[in-house]
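Input: a single structure, listed below in structure tokens.
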Amino acid sequence: MNNNDPSSHHFLRWFDPRHKSIGTIAFIINRFSALGLTVYLILHLVVLSKLASGGQAYDEFLILAKSPVIKIGEMFVIAGGIIHGANGVRIALNSFGFLVKIQKELFIGLMILSLAIIFYFGVHMFSGAQN
Amino acid sequence: MVWTIELCIARQKAGSERHYQTYQIEIDPDEYVLDAVEKAWAFYDRSLTFRHACHHSTCGACGMLVNGVEKLTCITPIRSVVQDKGRLLIEPLRNFPILSDLVVDTSSMFNNLNKVSFNQVASLPAACLPYESEQPEHAHPEYERLVDCIECGMCISACPISLTSSDYIGPAVLAAAQHESIQSLSPRILEVVDNKNGVWRCHSAYECSAVCPSGVEPGWRIMKMRQAVIAHRIKSFFSSD
Ligand code: SF4
Ligand code: FES
């Protein structure tokens with residue numbers, strides 16, 4: 001085998017956008033958002049399991065949850081979820097044979113929509129934090 | 001007009017490490033990338049190996065990476081990829097084993113094309129994409145023509161899934177399967193495409209369609225193939241007692 005053969009070891013090249021079309025950008029975004037959401041799920045389960053150790057742990061968790069760092073983290077989770085979901089809608093529509101000819105425009109449109117929704121959430125979350 | 005370019009070519013014999021060799025080539029910018037490679041072979045190094053045959057985008061032999069992008073080198077003008085005194089990087093297609101320098105072993109693609117009984121000739125309506133309207137006026141429906149795919153393998157080279165798995169049958173074969181199943185989806189084709197290394201393995205990056213030099217639209221065809229497989233599954237579900 002040489003370096004030109006297909007190999008699972010080449011997966012890092014997935015994330016190299018040079019010389020690629022917009023479809024690869026969608027592919028990369030989908031992989032990053034999926035990885036981010038998976039890491040979040042694991043962290044979430046770890047934190048929740050800590051809550052089982054009593055009322056004090058719960059109070060500490062509430063304080064932690066209101067900290068700005070966690071809020072920014074939550075914002076990333078929301079953004080990841082929305083972007084991954086929107087990309088999923090594109091793939092599902094295309095897989096049923098819909099809008100394949102305009103898949104680029106579909107992706108751009110869905111990403112603009114995602115950014116608008118993320119912005120709405122951001123404004124809501126951070127303005128709520130000041131109250 | 002003559003330009004001087006630095007032609008940097010990947011050299012590698014099967015099993016050995018890749019290295020790059022640079023040649024100063026004088027060339028008319030309206031000549032093609034394949035002409036520059038031929039000049040390197042003719043005037044500098046007869047051990048350089050590369051594939052070519054028709055020189056007019058019909059045989060599919062001359063696909064290479066030109067500055068990192070899959071191109072049919074016999075129809076890629078020098079001026080479209082480099083400037084005078086510029087550097088032009090030529091590498092073999094990705095995702096196929098290297099035989100020698102720019103020659104890759106595409107036999108896996110041809111074996112898989114055989115599995116779907118890919119026929120290079122089709123009736124006029126079947127040879128065109130449904131949204132194309134270039135069928136000649138007054139064409140008789142029984143006329144036939146060569147289908148668009150020239151079996152260059154560039155779609156497989158560009159595909160991120162073919163990059164990481166040799167089991168995935170790849171866009172060229174899935175597009176051929178779709179083409180062969182326009183009239184009816186045969187059990188033989190279904191067996192090749194409806195599995196984890198077939199039509200479901202595509203991750204919708206559409207690089208295949210971006211690089212295909214022949215307007216085959218493999219990405220579009222893979223999605224159409226999925227649609228046909230889903231329809232077949234639903235039909236079979238309701239028709240089974
Ligand atoms: S589908 Fe296009 S890129 Fe792929 S082998 Fe056929 S002609 Fe080449
Ligand atoms: S030499 Fe035949 S397609 Fe380029």
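By convention in this document, chain letters (A, B, ...) are assigned in the order of the sequence lines, proteins followed by strands, and residues within each chain are numbered from 1. In this text, all values refer to a predicted model and were calculated from it rather than measured experimentally.
Atom CD of B/Glu191 has 12 or fewer heavy atoms from other residues, nucleotides or ligands within 6.0 Å. Heavy atoms of other residues, nucleotides or ligands lying less than 6.0 angstrom from CZ of A/Phe76 number 12 at most. Other residues, nucleotides and ligands place more than 12 heavy atoms under 6.0 Å from the CZ atom of B/Phe118. Heavy atoms from other residues, nucleotides or ligands lying under 6.0 Å from CZ of A/Phe119 number 12 at most. Surrounding CD of B/Gln83 are at most 12 heavy atoms belonging to other residues, nucleotides or ligands under 6.0 Å away. Other residues, nucleotides and ligands place more than 12 heavy atoms under 6.0 Å from the OH atom of B/Tyr20.
Neither the backbone nor the side chain of A/Arg18 comes within contact range of chain B; no heavy atom of the residue lies under 4.5 Å from a heavy atom of that chain. Only the backbone of B/Leu93 comes within less than 4.5 Å of a heavy atom of chain A; no side-chain atom from C-beta onward does. Contacts of B/Asn67 with chain A are made by backbone atoms alone, with heavy-atom separations under 4.5 Å and no side-chain atom involved.
For the residue pair B/Arg226 and A/Ser95, the shortest heavy atom distance occurs at NH1-OG, 2.6 Å. The shortest non-hydrogen separation linking A/Phe96 to B/Ile230 is CE2-CD1, 3.6 Å.
Annotation: the span from B/Lys224 atom NZ to A/Asn94 atom CG amounts to 10.5 Å, rounded to 0.5 Å. Rounding to the nearest 0.5 angstrom, the gap separating the CD1 atom in A/Ile91 from the CE atom in B/Met223 is 8.0 Å.
Inspection of non-hydrogen atoms places B/Ala158, B/Pro160, B/Ile161, B/Ser162, B/Leu163, B/Thr164, B/Ser165, B/Ser166 of residues 156-168 of chain B under 4.5 Å from chain A. Listed by sequence position, B/His203, B/Ser204, B/Ala205, B/Tyr206, B/Glu207 are the residues of residues 199-209 of chain B in contact with chain A, using a 4.5 angstrom heavy-atom cutoff. Residues of residues 212-219 of chain B that come closer than 4.5 Å to chain A, counting heavy atoms only, are B/Glu217, B/Gly219, ordered by residue number.
Residues B/Asn95 and A/Asn4 are not in side-chain contact: their nearest non-hydrogen atoms beyond the backbone lie 4.5 Å or more apart.
Under the rule for a side chain to side chain donor-acceptor pair (under 3.5 Å), the partners of A/His9 that lie at least two apart in sequence or sit in another chain are A/Ser7.
Of the listed residues (A/Gly97, A/Ser8, A/Ser21), the greatest number of heavy-atom pairs within a distance under 4.5 Å of chain B belongs to A/Ser21.
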